[in-house]
Protein chains: 2
Amino acid sequence: MASTKSRLPRNVTSTSLKDRIYQSVKWSLIIGEYFPGSVLSLRSLAKKMGTSTMPVREALTRLASERLLQSSVKRSYRVAELDPKRVADQFFVRARLEGIATELAVPNMTAREIDELEALSQMMEGDIESGNNENYIVRNYNFHFSIYAASQNEELFWSIERLWAQTGPYLAQVVRSQEMPKEWQLLHTQISRAIRGRSAGEAARLIEKDISWSISTFEAFTASEDKS
Amino acid sequence: MASTKSRLPRNVTSTSLKDRIYQSVKWSLIIGEYFPGSVLSLRSLAKKMGTSTMPVREALTRLASERLLQSSVKRSYRVAELDPKRVADQFFVRARLEGIATELAVPNMTAREIDELEALSQMMEGDIESGNNENYIVRNYNFHFSIYAASQNEELFWSIERLWAQTGPYLAQVVRSQEMPKEWQLLHTQISRAIRGRSAGEAARLIEKDISWSISTFEAFTASEDKS
DNA sequence: CGTCAACGACTGTGATCACAGTTAGAATAA
DNA sequence: TTATTCTAACTGTGATCACAGTCGTTGACG
């Protein structure tokens, strides 16, 4: 888990304990390591981290303020329960913001960056083929955020990342629990191809398509859950 | 002071101290009560609030995590110094998000809400006329956010509010230090009129125009500051 | 057997302390 | 006067404590 942290842009000197705990928990949320409704208590987390509760509570108040965790007074912190309206709202904003970021990014990306993108998309196709959902989740994150980083708009980048962490627990749960749809297989390759061709509008359209597929997959999943 | 609070019904005091301090500081940022570079130290703020440093530090870590304040290890919290690129990025995202929120809001707004909007815009015209910049800042906030609330997308609403708090210290500084441009006078009335006519696209376009005016006013201001 | 009150083990919150790193200003030297 | 050093007052960080509210379980009672 610690090795993946280097993917996230940050100030080089964020060595405080509270920051490391914050990053650690946030990453766990993004890759869906916690389930909706999971309880995160100060003392148990502190024990697990080998610290006092102090840095943990600062980390958790941060996460709660970014709406990644829910908290009410004197009740334990927990991963937000599934609220279809809320998740739909989040995906809606994600689609718009990620489309905008992609449009900005396309003219900025270097040939080397696009090569890496294409390599990633190849591996993601393989992950879908072999059903390696775990790898897919991480590579999908890296794929998207190497694009958004190229938008060179930090504010945009952070807004999107916050939303990913919010939708992470739900989406990852879906991706883990079932075979990934075959339609997903080509999409990311098409995206990197559109970027290579410098067609910003096309790339943005495909990114938004990617997200709308996520939505419908998610909705189909929750619908089937309700019946069981 | 503390003794009177404890006697109030519990639903009034149900919000924690840290939350109230958080809200208080955030509002101060939105209306530009703090200047770029202002230092907010735990102990001095705690003294001002009449509490220990504990709730203050949780409030400030929240604000820092939302990028409303800057913090580096063992250095005091401070309002971000002016970084033209960063502010431009923030305004860019604001324009897009607020345009989207407006488009969503227009079909949702009730006649009563639109009446209130129009009343606000009338008063804002008066504020510009009489040079009452202080009132204008607050009414402008209320005007915009009553629209964004009607988008009925909470995630969108919070994203925008966060950006307002980020740009607040810069923009408010400009608005306070000079006469407001006459062009601003009619804009908000036009916006409420477009909303009454249920033309979402037009309303969104005007909102984005409002923000782009903010940008250019801000840029003109910083340019003139550099020369002096 | 089923209901409900009460207990006990939890929860976050706020206060206070020790500590180490930062910083600004006074004292010293050139 | 100007530059530099050094100290003293400040900063956030982390640990620990007391406290009050929450919640699940147990045990008594109907």
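Residue numbers begin at 1 in each chain, while the letters A, B, ... track the order of the sequences.
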Output yes when a side-chain donor or acceptor of A:Gln166 lies under 3.5 Å from a complementary backbone atom of A:Glu66, and no otherwise. yes

Side-chain N or O of B:Ser41 closer than 4.0 Å to phosphate OP1/OP2 of D:dT11: yes

Quick check against the 3.5 Å criterion: does B:Ser72 have a side-chain atom that pairs as donor or acceptor with the backbone of B:Arg75? no

Rounded to whole Å, the NZ-P distance (A:Lys47 to D:dT16) equals 14 Å

Considering heavy-atom distances to DNA chain D, does B:Val39 or A:Met54 have its closest nucleotide positioned more toward the 5' end? B:Val39

Taking B:Thr222 for its side chain and B:Phe218 for its backbone only, find out whether a donor-acceptor pair lies under 3.5 Å. yes

Can you confirm whether B:Asp127 sits close enough to B:Asn140 that some side-chain heavy atom of one is under 4.5 Å from a side-chain heavy atom of the other? no

Counting any heavy atom closer than 4.0 Å, what does A:Leu17 reach on the DNA or RNA strands: base, sugar-phosphate only, or nothing? sugar-phosphate

Establish, with yes or no, whether the OP1 or OP2 oxygen of C:dT22 is under 4.0 angstrom from a side-chain nitrogen or oxygen of B:Tyr77. no

Which pair of heavy atoms, one from B:Pro55 and one from B:Ile21, lies closest together, and at what distance? CB-CD1, 3.9 Å

Counting only side-chain N and O atoms of B:Ser76, is one of them less than 4.0 Å from OP1 or OP2 of D:dT11? no

Can you identify which nucleotide, out of D:dA15, C:dG12, D:dT11, has its nearest atom closest to the A:Leu42 side chain? C:dG12

What residues form a side chain to side chain contact (heavy atoms under 4.5 Å, CB included) with B:Ile160, not counting sequence neighbours? B:Leu97, B:Glu98, B:Ala101, B:Phe145, B:Tyr148, B:Leu156, B:Trp164

Would you indicate, yes or no, if D:dG14 has its OP1 or OP2 atom less than 4.0 angstrom from a side-chain nitrogen or oxygen of A:Lys18? no

Reckon A:Ile21 touches a base, only the sugar-phosphate, or nothing at all at heavy-atom distances under 4.0 Å? nothing

Return a single string for nucleotides 17-23 of chain D, one symbol per nucleotide in 5' to 3' order, where B is base contact, S is sugar-phosphate-only contact and - is none, cutoff 4.0 angstrom on heavy atoms. -B-BSSS

